[in-house]
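Structure first, commentary second.
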Amino acid sequence: ETVQLYVGDDKASVLRPKKELKAFQKVEVAPGETVSVSLSITPDDLKFWDTTSSDWLLEPGSFTLYVAASSADIRQKIRIKAK
């Protein structure tokens, strides 16, 4: 199984993908078994390249983290705020 973590900017000032893959981990899981996986992101994972300033920009606001088996198979959503 591959556990994937996607990030979505809830109100970006520029056009961004709805979900951007930021972390993933492959794990062996036997049938019926449950395993814990730890994935982390940093503030840099929330930034986008701003063509106006020619620099990476982190806009304040809310972001949705999607824990998934694939981009179409979302298992959990978590909302965070950037300041």
Side-chain angles (χ1 to χ4, degrees):
E1 183 77 28
T2 302
V3 180
Q4 302 173 6
L5 178 64
Y6 294 85
V7 173
D9 188 337
D10 295 336
K11 275 195 169 178
S13 65
V14 297
L15 184 61
R16 294 182 72 175
K18 181 178 178 176
K19 293 180 280 218
E20 298 177 52
L21 180 63
K22 296 297 180 173
F24 67 91
Q25 183 176 349
K26 290 185 178 186
V27 292
E28 292 276 336
V29 184
E33 181 184 19
T34 301
V35 298
S36 294
V37 174
S38 180
L39 300 172
S40 61
I41 60 168
T42 68
D44 284 344
D45 292 317
L46 306 177
K47 294 179 180 181
F48 67 91
W49 182 255
D50 181 36
T51 56
T52 304
S53 64
S54 296
D55 199 5
W56 291 97
L57 178 64
L58 172 57
E59 293 183 311
S62 65
F63 291 80
T64 301
L65 306 181
Y66 301 91
V67 181
S70 73
S71 63
D73 187 2
I74 305 300
R75 305 288 176 93
Q76 186 173 9
K77 294 180 187 179
I78 305 159
R79 181 160 283 144
I80 61 171
K81 290 208 180 253
K83 296 181 181 188

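Between T64 and K77, the closest heavy-atom pair is CG2-CB, 4.2 Å. Between A69 and E1 the shortest heavy-atom distance is CB-OE2, 3.3 Å. Between A23 and S40, the shortest heavy-atom contact is CB-O, 4.2 Å. The two residues R16 and K47 have their closest heavy-atom pair at NH2-O, 3.3 Å. The nearest pair of heavy atoms linking A82 to F63 is CB-CE1, 3.6 Å.
Between atom CG of residue D10 and atom NZ of residue K18 there is a gap of 10.0 Å, rounded to the nearest 0.5 Å. To the nearest 0.5 Å, atom CD1 of residue I41 and atom CG of residue L65 are 4.5 Å apart. Between atom OG of residue S70 and atom CZ of residue F24 there is a gap of 14.0 Å, rounded to the nearest 0.5 Å. To the nearest 0.5 Å, atoms CD (Q76) and OH (Y66) are separated by 13.0 Å. If you take CG on D9 and CG on L46, they are separated by 8.0 Å, rounding to the nearest 0.5 Å. The line from CG of D50 to CZ of F48 is 5.0 Å long, rounded to the nearest 0.5 Å.
Linking Ile, Leu, Val, Met, Phe, Trp and Tyr residues whenever their side-chain heavy atoms come within less than 4.5 Å leaves L21 and V7 in two separate clusters. A single hydrophobic cluster is seen to contain both L5 and I78, as judged by linkage of ILVMFWY side chains at heavy-atom distances under 4.5 Å, directly or through other members. Linking ILVMFWY residues whenever their side-chain heavy atoms come closer than 4.5 Å, directly or via other members, places V67 and V29 in the same cluster.
Q25 contributes no side-chain N or O that, together with a main-chain N or O of V37, makes up a donor-acceptor pair within less than 3.5 Å.
Under 4.0 Å is where a charged nitrogen must lie from a carboxylate oxygen, and between D45 and K22 no such pair does.
Counting heavy-atom neighbours within 6.0 Å of E33 CD, excluding the residue itself, gives a total above 12.
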